[in-house]
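Lettering follows sequence order; numbering is per chain, from 1. Excluded from the calculations below are hydrogen atoms, water molecules and symmetry mates; all remaining heavy atoms, backbone and side chain alike, are included.
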Amino acid sequence: MTSPEPETVRVRFAPSPTGFLHVGGVRTALYNWLVARGQKGTMILRIEDTDVERSTEEAVTAILDGLRWLKLDWDEGPDVGGPVGPYRQLERYTLYRDAAQRLLREGKAYPCTCLPEELAARREAARSAKPAPQHLCPCRTAGPTPGRRQAIRFSATARARVGWDDLVQGRIEVAADEIDDFIILRSDDRETPVYNFAAVVDDALMGITHVVRGADHIPNTPKQILLYEALGYPVPAFAHIPLVLGPDREKLSKRHGDVALQAYRDQGYLPEAMINYLVRLGWAHGDQEVFTREELIKAFQLERVGASPGIFDRAKLDWLNALHIRQTPLDVLADLLAPFWGAAGVDPRTVEARSRTWLVQAVALFVERSKTLLEMARSMAFLFAPPAARDPKAEAKFLTPDHLALLAETRQALAQAPDFSAEALEDLVRRLAEARGRKLVDYAQPIRVALTGTTVSPPIFPVLALLGREVVLNRLARILGPG
RNA sequence: GUCCCCAUCGUCUAGCCCGGCCUAGGACAUCGGCCCUUCAAGCCGAUAACGGGGGUUCGAAUCCCCCUGGGGACACCA
């Protein structure tokens, strides 16, 4: 009772719903979540939809779905509510207006009636000017032009330097005269706030203690600090995590291919693998590469996040995904595969027609050789229907007249095999090979090509057992032709 | 252009804060080998990095400065 209540950590993930949930954003969400869960703090989800033009409901849905899929849960947010809501900026306009009014009253902001064209022209001129002009907008001293729409501009007057101790980047400082007065409320009918203003008002009102976001926000931070001070709010701690880059070392974007989380889900990446991959991109815990969620919560420290950007490496993601697939129980995998049959060209009904034990046995044969669930479903397709086409090179190599003769003999033996189990079949075919002084490959590969259409498959005898005598004999007959 | 940030193998990184234990460690990828009915998985091995230059020091990947290179931001977008 006497010990003071430790200040609880409050962090937030604040995406703008203008597109899909980007893997870079996912990592930001993950780091925030890890901070919250690791310190028994609070994770807040806030939707930054003040850009009415570009924000969409679909994007909001995609963001929530994506986070749920990854099991990155939040304690307060648009769907669950919370004590400092609402959690959509669209519903918080009066808060921003009130804050702006206060700054206006206190002389810390002023109405601006500059036209966008005027501003653009002055900006253009300023770019080449030797000493950069102090202000792009004259309204602060000249006053607003009557009869024009008014925006509200913040007076960025401050002491010589603005700086902060960034939890991952270290000390960052800029000269205060680098910061020109900036718009906080637009001149539109609804007087919508601009990002920097809305973010500060919200973070302050929501009691955010640690702002964990992408390094692309570093240039915004001095402006925001000025705003916190003008508004009389405590300045939170900042942690700017390095950007995720594409192979060309530029900020990851659509032109780099798959950047939407959904793309990875649709290709059969597991949430555990995505998290495991993303967390290690910019952070390390000794030499450990593989983590469970619990281990991450325990081990993660913001201070251990590196300051340099990292390139998204699909190959390593693949490795981790394969690894997490192998660690997933077979029956769970069987369920996880369900959404992928269609894309793999398999009629889901033929899958449902099989027993659960059969399916699990089948999955067991493919876990070790699949990088994604989609890939697994695809390579399992031949179990449910004869291969649509056979690899011509495989045929040329393993369905020669010589091989076909062996195959015909094998088919006879299989037809009469008393026991169609993998072990018995292997024993049987090995005997055949031995009797003729041939290698097992000369039997295994032709069978494989005949049944699967390719030279690659799990061990052939378990496959035979799984397919069952009837299917096997039929498919072999099709290769061997009549007679 | 201006401001800010970053800099260890191809990639993710350990080491850097608190200089010697670093002949720079691990992982992915790549290339060999083993195993083997194919492919995987597994195991063994190989290639591969402190961007450059000045300092400081007995000693620097580690501290300081400069250069170079890369990136980010410069909106009534977020």
Side-chain angles (χ1 to χ4, degrees), chain A residues 14-19 48-51 53-55 89 112 114-116 119-120 123 126-129 132 136 149-153 166 169-170 172-175 178-180 182-188 191-196 198-199 213-222 240 242-243 245 247 249-251 277 280-290 303 306-320 322-323 326 365-371 379 394 398 426 429-430 433 439-449 452 454-461:
Chain A
S16 65
T18 54
E48 308 222 323
D49 50 4
T50 56
D51 184 350
E53 297 292 305
R54 298 194 299 147
S55 296
Q89 293 188 325
C112 163
C114 295
L115 266 18
L119 260 7
R123 202 158 7 242
R127 198 171 282 268
S128 46
L136 248 30
R149 301 193 67 100
Q150 296 191 343
I152 307 299
R153 197 176 278 274
D166 198 279
Q169 304 284 342
I172 299 180
E173 274 190 2
V174 295
E178 290 294 330
I179 308 168
D180 191 12
F182 53 94
I183 299 286
I184 55 178
L185 237 46
R186 298 188 181 96
S187 62
D188 57 7
E191 299 180 288
T192 57
V194 132
Y195 167 75
N196 276 317
R213 75 221 312 189
D216 48 347
H217 284 289
I218 289 176
N220 289 321
T221 309
H240 288 95
L243 297 178
L245 310 180
R249 305 195 154 273
E250 284 185 29
K251 188 159 78 162
Y277 175 70
R280 278 288 284 100
L281 187 53
W283 173 84
H285 185 245
D287 285 339
Q288 188 171 354
E289 294 285 352
V290 183
E303 294 74 13
S308 52
I311 296 171
F312 190 87
D313 181 15
R314 184 65 164 259
K316 188 156 186 182
L317 206 212
D318 282 348
W319 170 72
L320 273 168
L323 196 138
R326 276 177 260 137
L365 294 179
F366 291 85
V367 236
E368 246 171 30
R369 53 208 102 224
S370 305
K371 288 201 281 286
S379 50
F398 294 111
E426 174 161 1
V429 176
R430 275 189 193 280
K439 289 191 201 156
L440 190 55
V441 210
D442 294 328
Y443 289 81
Q445 283 303 69
I447 297 175
R448 182 168 277 121
V449 175
T452 74
T454 73
T455 55
V456 174
S457 89
I460 199 64
F461 301 112

### Query
Atom CH2 of A/W319 to atom C1' of B/rU30: distance rounded to whole Å?
16 Å
### Query
Among B/rU37, B/rA78, B/rU38, which nucleotide sits nearest the side chain of A/F461?
B/rU37
### Query
Separation of A/D313 atom CG from B/rG26 atom C1', in whole Å?
16 Å
### Task
Could you work out which one of B/rA40, B/rU37, B/rG42 sits closest to the side chain of A/R326?
B/rG42
#### Entry: Whole-Å gap separating C1' (B/rA73) and OH (A/Y195)
12 Å
### Message
Measuring to OP1 and OP2 of B/rU13, would you say a side-chain N or O of A/R280 lies under 4.0 angstrom away?
### Response
no
### Task
Ignoring the backbone of A/K251, work out which of B/rU37, B/rG71, B/rA73 is nearest its side chain.
B/rA73
### Query
Could one point to a donor on the side chain of A/S457 or the base of B/rC39 with an acceptor on the other under 3.5 Å away?
no
### 5' priority, RNA chain B, between A/Q89 and A/L317 [closest heavy atom]
A/L317
### P spacing across the pair B/rC66 / B/rC28, given as an integer number of angstrom
40 Å
#### Entry: Watson-Crick or G-U wobble mate for B/rG45, both contacts under 3.5 Å
B/rC31
### Phosphate OP1/OP2 of B/rA78: any A/T50 side-chain N/O under 4.0 Å
yes
### Query
Which base sits across from B/rA7 as a Watson-Crick or G-U pair, both distances under 3.5 Å?
B/rU68
#### Entry: For A/Q445 against A/T455, the heavy-atom pair lying closest together
NE2-O, 3.5 Å
### Task
If B/rG1 has a Watson-Crick or G-U wobble mate with both distances under 3.5 Å, name it; if not, just say none.
B/rC74
### Query
Quick one: does A/Q89's side chain get under 4.5 Å of A/P193's, heavy atoms only?
no
## Note on the structure
Per atom distances to the A/V174 side chain, the nearest of B/rU37, B/rG72, B/rC3 is B/rC3
### Message
When the P atoms of B/rG26 and B/rG15 are compared, how many Å lie between them, rounded to an integer?
### Response
15 Å
### Query
In terms of side-chain heavy atoms of A/D51, which of B/rC6, B/rA78, B/rU37 is nearest?
B/rA78
### Query
Looking at A/R249, does any N or O in its side chain come under 4.0 Å of the phosphate oxygens OP1/OP2 on B/rG72?
no
### Query
Rounded to the nearest Å, what distance is computed from the CH2 atom of residue A/W283 to the P atom of nucleotide B/rG15?
12 Å
### Query
What interatomic distance, in whole Å, is found between C1' of B/rC58 and the corresponding atom of B/rG19?
12 Å
### Task
Please determine if A/D442 and A/K439 form a salt bridge, counting it only when a charged side-chain N lies under 4.0 Å from a carboxylate O.
no
## Note on the structure
pair_partner(B/rA14), Watson-Crick or wobble, both distances < 3.5 Å, evaluates to none
### Pairing partner of B/rA24 (Watson-Crick or G-U wobble, both distances under 3.5 Å)
none
### Task
Could you measure between the two P atoms, the one in B/rC31 and the one in B/rU68, and give it in whole Å?
39 Å
### Task
Return the value, rounded to whole Å, for the distance between atom CZ of A/F182 and atom P of B/rA73.
18 Å
### Query
Contact class for A/E250 (heavy atom, under 4.0 Å): base, sugar-phosphate, or nothing?
sugar-phosphate
### Query
Any side-chain donor-acceptor pair under 3.5 Å between A/T192 and A/D188?
yes
#### Entry: Donor-acceptor under 3.5 Å (A/D49 side chain, A/S16 main chain)
no
### Query
Do A/E289 and B/rG26 share a donor-acceptor pair, side chain to base, under 3.5 Å?
yes
### Query
When the distance from CG of A/D318 to P of B/rU11 is rounded to whole Å, what number comes out?
18 Å
### Task
Can you figure out which of B/rC12, B/rU38, B/rC76 approaches the side chain of A/L281 most closely?
B/rC12
### Query
For B/rU57, which nucleotide is its Watson-Crick or G-U wobble mate, given both distances must be under 3.5 Å?
none
### Query
What heavy-atom pair brings A/V456 and A/T452 nearest, and what distance separates the two atoms?
O-OG1, 4.3 Å
### Query
Please walk me through it: do A/R149 and A/E191 pass salt bridge (charged side-chain N to carboxylate O under 4.0 Å, His left out)?
CA-CA 11 Å; A/R149 301 193 67 100; A/E191 299 180 288; over 6 Å; no
### Query
Does A/R448 make a side-chain N or O approach to OP1 or OP2 of B/rC39 shorter than 4.0 Å?
no
### Query
Do the charged groups of A/R326 and A/E368 touch, with an N to O distance under 4.0 Å?
no
### Query
Atom NE2 of A/H217 to atom P of B/rC74: distance rounded to whole Å?
10 Å
### Query
A/G282 near the nucleic acid: base, sugar-phosphate alone, or nothing, with a heavy-atom cut-off under 4.0 Å?
sugar-phosphate
### Query
With a 4.0 Å cut-off on heavy atoms, is A/C112 in touch with a base, just the backbone sugar-phosphate, or nothing at all?
nothing
### Task
Would you indicate which nucleotide in B/rU38, B/rC6, B/rC76 comes nearest to any side-chain atom of A/T455?
B/rU38
### Summary
Testing B/rU13, B/rG26, B/rU38 for proximity to the side chain of A/K316, the answer is B/rG26
### Message
By nearest atom, which of the nucleotides B/rC39, B/rC76, B/rA78 is closest to the A/S16 side chain?
### Response
B/rA78
### Message
Regarding A/I460, tell me which of base, sugar-phosphate or nothing describes its non-hydrogen contacts under 4.0 Å with the strands shown.
### Response
base
## Note on the structure
For A/D166 and A/H240, the nearest pair of non-hydrogen atoms, with its separation, is OD2-ND1, 2.6 Å
### Query
How far does the C1' atom of B/rC16 sit from the matching atom of B/rC63, given to the nearest Å?
10 Å
### Task
Check every atom of B/rU37, B/rG71, B/rG26 against the side chain of A/D287 and return the nucleotide holding the closest atom.
B/rG26
### Check: B/rA78 base within 3.5 Å donor-acceptor of A/D216 side chain
no
#### Entry: Interatomic distance at C1', B/rA48 relative to B/rG25, whole Å
14 Å
#### Entry: Whole-Å distance separating the CD1 atom of A/I183 from the C1' atom of B/rC74
16 Å
### Task
Write down the distance separating the C1' atoms in B/rC22 and B/rA14, rounded off to the nearest Å.
12 Å
### Task
For A/E53, report the nucleic acid contact type (base, sugar-phosphate, nothing); a contact means any heavy atom under 4.0 Å.
nothing
### Query
Side-chain contact, heavy-atom cut-off 4.5 Å: A/Y195 with A/H217?
yes
### Query
On RNA chain B, nearest-nucleotide positions of A/L243 versus A/V194: which is more 5'?
A/L243
### Query
Base, sugar-phosphate alone, or nothing: which one does A/A315 contact when heavy atoms must sit under 4.0 Å apart?
sugar-phosphate
### Query
Taking the P atom of each, how far is B/rC39 from B/rU62, in whole Å?
47 Å
### Task
Give one of base, sugar-phosphate or nothing for A/P222, where a contact means two heavy atoms less than 4.0 Å apart.
nothing
### Query
So does A/R123 get a side-chain nitrogen or oxygen closer than 4.0 Å to the phosphate oxygens (OP1/OP2) of B/rA75?
yes
